[in-house]
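From a predicted model like this one, the values you see are computed outputs, not experimental measurements.
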Amino acid sequence: MEKTDTNKLIQSMRNKRAALEEAGVNCYANDFKAADTAAKCLHDVDGAIEKGTNFSLAGRVVALRSFGKAAFARLRDYTGEIQVYIKKDRITQDQFLVFKKLDVGDFIGIRGRLFRTKTNEPTIEVDFLELLTKALRPLPEKWHGLRDKEMRHRKRYLDLIMNADVREVFRTRARVLGYIRAFLNERGFMEVETPMMHSLVSGANARPFVTHHNALNIDLYLRIAPELFLKRLVVGGFDRVFELNRNFRNEGISRKHNPEFTMLEFYMAYATYEDLMALTEDMLSGLVRQVHGKYEIRYMGQAIDFTPPFERLPYEEGLKKYARVPDRAFHELPAAVNAALEREVPAQDVATVLLRDMKGPQDTARFEKDPAALVGLANDIAKGLDALGQRTHALGVLHTVFEAYVEDKLQNPTFVVDYPVWVSPLARRKESDPALVDRFEFFIAGSEIANAFSELNDPDDQRERFKAQAMAKSGGDEEAMDFDEDYIEALEYGMPPTAGEGIGIDRLLMLLTDNENIREVILFPLLRPVG
RNA sequence: GGGCCCAUAGCUCAGCUGGUAGAGCAGCGGCCUUUUAAGCCGUUGGUCGAAGGUUCGAAUCCUUCUGGGCUCACCA
């Protein structure tokens with residue numbers, strides 16, 4: 001920044017460094033070895049005082065109250081903070097020069113013994129002081145800290161220095177990742193890493209980022225999901241695999257969306273989505289108890305109870321309960337279209353569903369002005385369909401209602417089970433009702449946290465589903481999947497019955513840390529570059 | 001992408017229906033060897049996000065731009 005040279009505060013700190021260097025002080029010394037930490041010093045204060053234990057520790061000066069010939073400072077390291085007391089007659093003249101030039105923000109190494117001040121605060125009386133790094137910029141103000149959200153995210157290091165609650169969020173994040181890895185490892189899952197750069201877009205419905213490989217002269221997509229690779233590993237005999245890493249989706253940025261986000265995906269052979277519900281209950285209730293010490297958390301002032309078992313809500317029940325969708329609409333396409341329109345779903349969205357299987361780009365906008373034509377279209381399409389086809393389409397239409405009316409009602413942990421096959425191109429059909437799939441989505445506080453299903457392992461059915469996706473893509477649906485021929489081939493070699501699940505880690509962290517913006521749980525969220 | 005809002009000292013913020021910039025903290029100088037937002041005295045510090053416009057005069061009103069926040073849409 002061009003202000004560097006003009007800012008008086010920075011100039012003052014640079015002057016101090018110059019004066020110290022003049023006196024032969026190394027302002028970037030790296031020879032100090034700290035045998036102790038702040039936490040260790042505070043572990044048994046009275047014992048240490050009694051024994052006169054010598055401590056050595058290093059850290060950043062985060063507060064300084066100077067009297068001229070003595071001072072109290074707060075020293076912070078990765079374990080915590082401790083007060084230190086520096087006075088002139090306990091240190092050498094060279095060390096006193098360092099002391100005189102000390103700023104908040106500097107790193108120092110000290111040695112000394114513990115005592116208690118007259119207000120009983122455990123404090124180290126310094127008998128050795130060494131400057132380890134001279135800071136050249138002033139830290140934000142000590143009362144209010146750093147509040148400006150933009151600067152907090154752009155300069156996360158300052159945020160972390162100034163805001164203890166932010167430090168705690170990211171420590172929690174690390175604990176959560178550790179817990180999940182341990183949980184899955186204990187149950188025989190193997191952590192794997194599959195490609196981040198894909199030549200086909202698949203595994204989810206989203207627009208991808210495109211990049212280019214020069215030597216091969218091909219475009220590649222940053223992965224939107226690792227799903228198909230993980231299932232190839234199940235074909236290969238790794239019956240229990242998981243991947244805990246980033247996905248990239250070229251969509252809008254919002255309170256709940258960062259272009260790169262962390263996803264847990266795991267696959268378990270010889271299991272069904274029912275088994276995964278039990279596993280998810282174990283994992284998440286245990287996680288909440290580990291992080292919070294109990295099953296209940298508060299999110300945005302609201303109590304959320306993770307005591308297992310979690311509620312199970314069949315998809316169609318949800319539509320009946322929260323949107324009063326009539327029975328007919330689940331079986332008759334025109335009734336479904338009417339139900340959606342009556343619930344103020346935009347005609348264009350309904351049209352997009354109805355026209356998905358038509359080849360080429362479709363004009364859906366025209367229905368916005370003429371919703372009645374949509375009912376006519378539904379009648380025409382219905383005539384060409386058998387009962388199953390009509391129910392399949394009807395549930396596809398009603399999904400628009402589900403998203404608008406049901407999802408935000410699901411505050412306590414809820415498994416929504418038995419999704420429409422229409423919106424589940426990779427899931428196994430329900431044997432008792434082929435318009436549905438063996439799938440659940442898991443909602444908390446109106447947010448989708450997990451998505452799981454018994455995997456589709458019939459290669460011919462999978463081929464037909466890919467065809468529908470390819471058709472949608474040709475119709476202009478930029479979020480539709482590519483046809484992955486190799487994956488079909490893998491399924492033809494045989495994939496054992498398998499269930500798989502994805503859990504959005506960032507959203508889970510939002511819940512666990514009571515944050516309503518995803519940026520608060522991602523260390524360096526994507527921001528537009530400055531200037 | 002649409003709508004609403006925000007940008008003033010290193011940080012946190014005042015600044016009225018237009019009259020030419022303020023506080024606290026931080027900094028600097030002085031006093032001070034047990035403070036906890038240490039204290040007391042003195043003091044420096046600004047292209048008011050950027051560029052245009054209106055006006056005798058703009059931090060203030062208007063336009064555009066840049067960055068951000070909230071929100072709606074898409075998604076996880």
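With P as the reference atom, B/rG46 and B/rA23 are 14 Å apart, rounded to whole Å. The separation of B/rA76 from B/rC5, taken at their P atoms, amounts to 32 Å, rounded to a whole angstrom. Atom name P, nucleotides B/rG10 and B/rU47: the rounded distance is 7 Å, in whole Å. Separation of the P atoms belonging to B/rU43 and B/rG57 is 35 Å when rounded to the nearest angstrom. On the P atoms, B/rC65 is 26 Å away from B/rG18, given to the nearest whole Å. Rounded to a whole angstrom, the distance from the P atom of B/rU33 to that of B/rG45 is 31 Å. Rounded to a whole angstrom, the distance from the C1' atom of B/rC28 to that of B/rG49 is 29 Å. With both ends at atom C1', the span from B/rU55 to B/rG19 equals 12 Å, rounded to whole Å.
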Atom pairs under 3.5 Å: protein N/O with N/O of nucleotides 71-73 of chain B:
{"residue": "B/rU71", "atom": "OP2", "partner": "A/Arg255", "partner atom": "NE", "Å": "3.3"}

Check: protein-nucleotides 23-26 of chain B nitrogen or oxygen pairs below 3.5 Å:
{"residue": "B/rA26", "atom": "OP1", "partner": "A/Lys142", "partner atom": "NZ", "Å": "2.8"}

Could you write out each protein N or O paired with an N or O of nucleotides 28-34 of chain B at a distance under 3.5 Å?
{"residue": "B/rC28", "atom": "OP1", "partner": "A/Ser12", "partner atom": "OG", "Å": "3.4"}
{"residue": "B/rC28", "atom": "OP1", "partner": "A/Lys16", "partner atom": "NZ", "Å": "2.6"}
{"residue": "B/rC32", "atom": "N1", "partner": "A/Phe67", "partner atom": "O", "Å": "3.3"}
{"residue": "B/rC32", "atom": "N3", "partner": "A/Phe67", "partner atom": "O", "Å": "3.0"}
{"residue": "B/rC32", "atom": "N4", "partner": "A/Gly68", "partner atom": "N", "Å": "3.4"}
{"residue": "B/rU33", "atom": "N3", "partner": "A/Asp89", "partner atom": "OD2", "Å": "3.2"}
{"residue": "B/rU33", "atom": "O4", "partner": "A/Asp89", "partner atom": "OD2", "Å": "3.3"}
{"residue": "B/rU34", "atom": "O2'", "partner": "A/Lys118", "partner atom": "NZ", "Å": "2.9"}
{"residue": "B/rU34", "atom": "O2", "partner": "A/Lys118", "partner atom": "N", "Å": "2.9"}

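Rounding to whole angstrom units, CZ of residue A/Arg207 and C1' of B/rA76 are separated by 16 Å. Computed from coordinates, the A/Glu251 CD to B/rC74 P distance equals 11 Å when rounded to whole Å. The CZ-P distance, from A/Arg156 to B/rG68, rounds to 15 Å in whole Å. For the pair A/Asn245 CG and B/rA76 P, the computed distance is 19 Å after rounding to whole Å. The nearest whole Å value for the distance from the NZ atom in A/Lys256 to the C1' atom in B/rC74 is 13 Å. Here the C1' atom of nucleotide B/rC74 and the NE2 atom of A/His399 are 12 Å apart, to the nearest Å. Remark: P of B/rG1 and CD of A/Glu478 are 15 Å apart, rounded to the nearest angstrom. Atoms CD (A/Glu265) and P (B/rA76) sit 12 Å apart, rounded to a whole Å.
Toward the 5′ end of RNA chain B lies the nearest nucleotide of A/Leu527, the other residue of the pair A/Asn205 and A/Leu527 mapping further downstream. Nearer to the 5' terminus of RNA chain B, by closest-nucleotide assignment, is the contact made by A/Arg528 (compared with the other of A/Arg528 and A/Ile518).
A/Glu121 comes within contact range of at least one nucleobase, with a heavy-atom separation under 4.0 Å. Counting non-hydrogen atoms under 4.0 angstrom, A/Asn517 reaches the backbone sugars and phosphates but no base. Using a 4.0 Å heavy-atom criterion, one finds that A/Met151 contacts the sugar-phosphate atoms exclusively. Residue contacts shown for A/Arg154 are limited to sugar-phosphate atoms, with no base heavy atom under 4.0 Å away. A/Asp148 comes within 4.0 angstrom of sugar-phosphate atoms only, judged by non-hydrogen atoms across all strands, and of no base. Counting non-hydrogen atoms under 4.0 angstrom, A/Gly502 reaches nothing in the nucleic acid.
Each of A/Leu177, A/Leu184, A/Leu508 was checked for a side-chain contact (heavy atoms from CB on, under 4.5 Å) with A/Leu264, and the lone residue meeting it is A/Leu184.
Contact check, A/Arg147 against B/rC11: no side-chain N or O comes under 4.0 Å of OP1 or OP2. Residue A/Arg507 has no polar side-chain atom (N or O) positioned under 4.0 Å from OP1 or OP2 of B/rA76. The side chain of A/Arg65 places no N or O atom within less than 4.0 Å of a non-bridging phosphate oxygen (OP1 or OP2) of B/rU35.
Between the side chain of A/Asp482 and the backbone N or O of A/Val201 there is at least one donor-acceptor pair closer than 3.5 Å. Counting only distance, with no hydrogens or angles, the side chain of A/Asp349 and the backbone of A/Pro346 share no donor-acceptor pair below 3.5 Å. A donor-acceptor pair is defined here as one N or O able to donate and one able to accept, closer than 3.5 Å; no such pair exists between the side chain of A/Tyr273 and the backbone of A/Asp418.
For the 3.5 Å distance criterion, the side chains of A/Tyr267 and A/Glu265 qualify, holding a donor opposite an acceptor. Between the side chains of A/Thr79 and A/Asp77, a donor-acceptor pair is found at a separation under 3.5 Å.
A salt bridge is defined here as a Lys NZ or Arg NE, NH1 or NH2 lying under 4.0 Å from an Asp or Glu carboxylate O, and A/Glu448 with A/Lys256 fails to meet this definition. Using a cut-off of 4.0 Å between Lys/Arg side-chain N and Asp/Glu carboxylate O, A/Lys69 and A/Asp89 are scored as not salt-bridged. Under a 4.0 Å N-O distance rule, the pair A/Lys134/A/Glu21 does not qualify as a salt bridge. Taking 4.0 Å as the cut-off between side-chain N and carboxylate O, A/Glu520 and A/Arg152 count as a salt-bridged pair. Of the charged side-chain nitrogens involved, none lies within less than 4.0 Å of a carboxylate oxygen, so that A/Arg249 and A/Glu479 do not count as a salt-bridged pair. Salt-bridge annotation for A/Arg113 and A/Glu125: absent, with no side-chain N of the basic residue lying under 4.0 Å from a carboxylate O of the acidic one.
Under the Watson-Crick or G-U wobble criterion, with both distances below 3.5 Å, B/rU34 has no partner in any strand shown. Taking a pair to require two hydrogen-bonding distances under 3.5 Å in either a Watson-Crick or a G-U wobble arrangement, B/rG67 pairs with B/rC6. The base-pairing partner of B/rC61, taking Watson-Crick or G-U wobble contacts with both distances under 3.5 Å, is B/rG53. Pair check for B/rC28 finds B/rG42; Watson-Crick or G-U wobble, both atom distances under 3.5 Å.
Figure legend: A/Arg439 and A/Tyr419 shown as a cation-pi pair, the cationic atom lying under 6.0 angstrom from the six-membered ring centre and within 45 degrees of its axis.
Between A/Phe483 and A/Phe466, the angle of the ring planes lies from 30° to 60°, which puts this pair in the tilted group.
Side chain A/Gln83 to base B/rU35: a donor-acceptor pair is found below 3.5 Å.
Between A/Lys87 and A/Ala70, the shortest heavy-atom contact is CB-CB, 3.7 Å.
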